[in-house]
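Since this is a predicted model, take the numbers as computed values, not measurements.
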Amino acid sequence: QVQLVESGGGLVQPGGSLRLSCVGSGFTVDYYSVGWFRQAPGKEREAVSCITGSDGRTYYADSVKGRFIISKDVAKNTVYLQMNNLNPEDTATYYCAPDHLSDLECGFQPFGRGTFRSDYWGQGTRVTVAS
């Protein structure tokens, strides 16, 4: 029974920071890679970051590179997304999901050529960047 619970979103001013948390159950974050995704109203879902299960290698979309940092605490089975220097274009609902259907860790777009699929998603946490 895989579950994911995202938290940490809220309202923040441009230039501000937030840290999102993704608590997993029914799987371990040192076995599966975990991605962070976001979806703004009227737009397609996009992957913004990924961390591998095996060795903790990190990947970032160009739009967030240098501003966001993904990390994990294996003991807490939690993946984090530290978001710095936020801008209004970061406004979206943020989701995490395990990359459990592929043996190619973080091999999905934009980090690789694959298409991300997951049977498991959390409820998401909403991030609003506005003054």
Side-chain angles (χ1 to χ4, degrees):
Q1 186 177 345
V2 172
Q3 290 185 290
L4 303 109
V5 179
E6 302 96 336
S7 63
L11 174 65
V12 64
Q13 293 185 338
S17 298
L18 287 171
R19 189 175 79 157
L20 308 183
S21 297
C22 168
V23 180
S25 60
F27 76 101
T28 56
V29 300
D30 60 345
Y31 188 78
Y32 289 125
S33 301
V34 175
W36 277 101
F37 306 80
R38 67 186 182 188
Q39 188 166 26
K43 299 183 68 176
E44 296 292 321
R45 184 189 68 209
E46 63 173 337
V48 297
S49 190
C50 187
I51 186 166
T52 65
S54 58
D55 58 7
R57 298 189 69 177
T58 59
Y59 301 85
Y60 301 95
D62 288 344
S63 59
V64 307
K65 191 174 298 182
R67 300 188 298 121
F68 290 10
I69 302 170
I70 190 170
S71 63
K72 64 182 177 182
D73 185 333
V74 174
K76 296 181 178 180
N77 211 45
T78 299
V79 176
Y80 304 96
L81 186 68
Q82 177 68 45
M83 307 187 298
N84 301 315
N85 194 25
L86 288 161
N87 59 63
E89 288 69 44
D90 297 315
T91 295
T93 300
Y94 285 72
Y95 304 87
C96 63
D99 189 18
H100 72 107
L101 295 175
S102 176
D103 291 329
L104 212 179
E105 298 190 72
C106 299
F108 51 90
Q109 299 173 122
F111 320 115
R113 299 194 301 179
T115 300
F116 183 79
R117 299 179 182 89
S118 181
D119 293 329
Y120 310 106
W121 298 90
Q123 82 289 345
T125 185
R126 183 173 294 181
V127 172
T128 302
V129 185
S131 58

Quiz item: So if you build clusters from Ile, Leu, Val, Met, Phe, Trp, Tyr with side-chain heavy-atom gaps below 4.5 Å, do Y120 and Y95 land together?
Solution: no
Self-check item: For the student: nearest non-hydrogen atoms of G9 and V127, plus distance
Solution: CA-CG2, 4.1 Å
Quiz prompt | Donor on one side chain, acceptor on other, S54 and E105, under 3.5 Å | solution = yes
Quiz item: Would you call T58 and F68 a side-chain contact if the rule is heavy atoms closer than 4.5 Å?
Solution: no
Quiz item: Which of parallel (below 30°), tilted (30 to 60°) and perpendicular (above 60°) describes Y32 and H100?
Solution: perpendicular
Quiz item: What heavy-atom pair brings N84 and S17 nearest, and what distance separates the two atoms?
Solution: OD1-OG, 3.0 Å
Quiz item: Under the disulfide bond (SG atoms under 2.5 Å apart) rule, what pairs show up with a residue in residues 39-68, not counting sequence neighbours?
Solution: C50-C106
Quiz item: Under 3.5 Å, side chain of Q123 to main-chain N/O of E6, donor-acceptor pair present?
Solution: yes
Exercise. Grab the two heavy atoms, one from A47 and one from A61, that are nearest each other, plus how far apart they are.
Key: O-CB, 3.6 Å
Exercise. Would you kindly confirm whether V79 and F37 end up in one hydrophobic cluster when ILVMFWY residues are joined by side chain heavy atoms under 4.5 Å apart?
Key: no
Quiz item: Are P98 and L4 side-chain neighbours, meaning at least one heavy-atom pair lies under 4.5 Å?
Solution: yes
Quiz item: For the atom pair CD1 (I51) and CG (D99), what is the distance rounded to the nearest 0.5 Å?
Solution: 13.0 Å
Quiz item: Closest approach of C96 and V34, non-hydrogen atoms and distance?
Solution: CB-CG1, 4.2 Å
Quiz item: Are any of the side-chain heavy atoms of D119 and L101 separated by less than 4.5 Å?
Solution: yes
Exercise. Identify whether Y60 and L18 are in the same connected component of the hydrophobic contact network (ILVMFWY, side-chain heavy atoms under 4.5 Å).
Key: yes
Self-check item: Heavy-atom closest pair, residues T115 and F108
Solution: C-CB, 4.0 Å
Quiz item: Could you give the distance from CG (L11) to CZ (R126), rounded to the nearest 0.5 Å?
Solution: 11.5 Å
Practice problem: Could you tell me which residues satisfy side chain to side chain donor-acceptor pair (under 3.5 Å) with T52, sequence neighbours excluded, listed by chain and number? | Solution: D55
Exercise. For the pair Y59 and F111, name the ring-plane relationship: parallel under 30°, tilted 30 to 60°, perpendicular over 60°.
Key: tilted
Self-check item: Between CD1 on residue I69 and OG on residue S49, distance to nearest 0.5 Å
Solution: 10.0 Å
Quiz item: If only atom types and distance count, is the side chain of N87 paired as donor or acceptor with the main-chain N or O of V129 below 3.5 Å?
Solution: no
Practice problem: Run through R38, Q39, Q109 and flag the one making a side chain to side chain donor-acceptor pair (under 3.5 Å) with E46. | Solution: R38
Exercise. Following the transitive rule for hydrophobic clusters with a side-chain heavy-atom cut-off under 4.5 Å over Ile, Leu, Val, Met, Phe, Trp and Tyr, establish whether L20 and V5 coincide in one cluster.
Key: no
Self-check item: NZ/NE/NH1/NH2 to OD/OE distance under 4.0 Å, K72 and D30
Solution: no
Quiz prompt | Exercise: identify the closest heavy-atom pair between A40 and A92 | solution = N-CB, 3.8 Å
Quiz item: Quick one: which of V48, L81, V64 gives a side-chain contact (heavy atoms from CB on, under 4.5 Å) with I70?
Solution: L81
Quiz item: What is the ring orientation for W121 with F116, classed by angle as parallel under 30°, tilted 30 to 60°, or perpendicular over 60°?
Solution: perpendicular
Quiz item: So, do Y94 and M83 sit near enough that their side-chain heavy atoms are less than 4.5 Å apart?
Solution: yes
Quiz prompt | Within-4.5 Å side-chain heavy-atom neighbours: V23 and N77 | solution = no
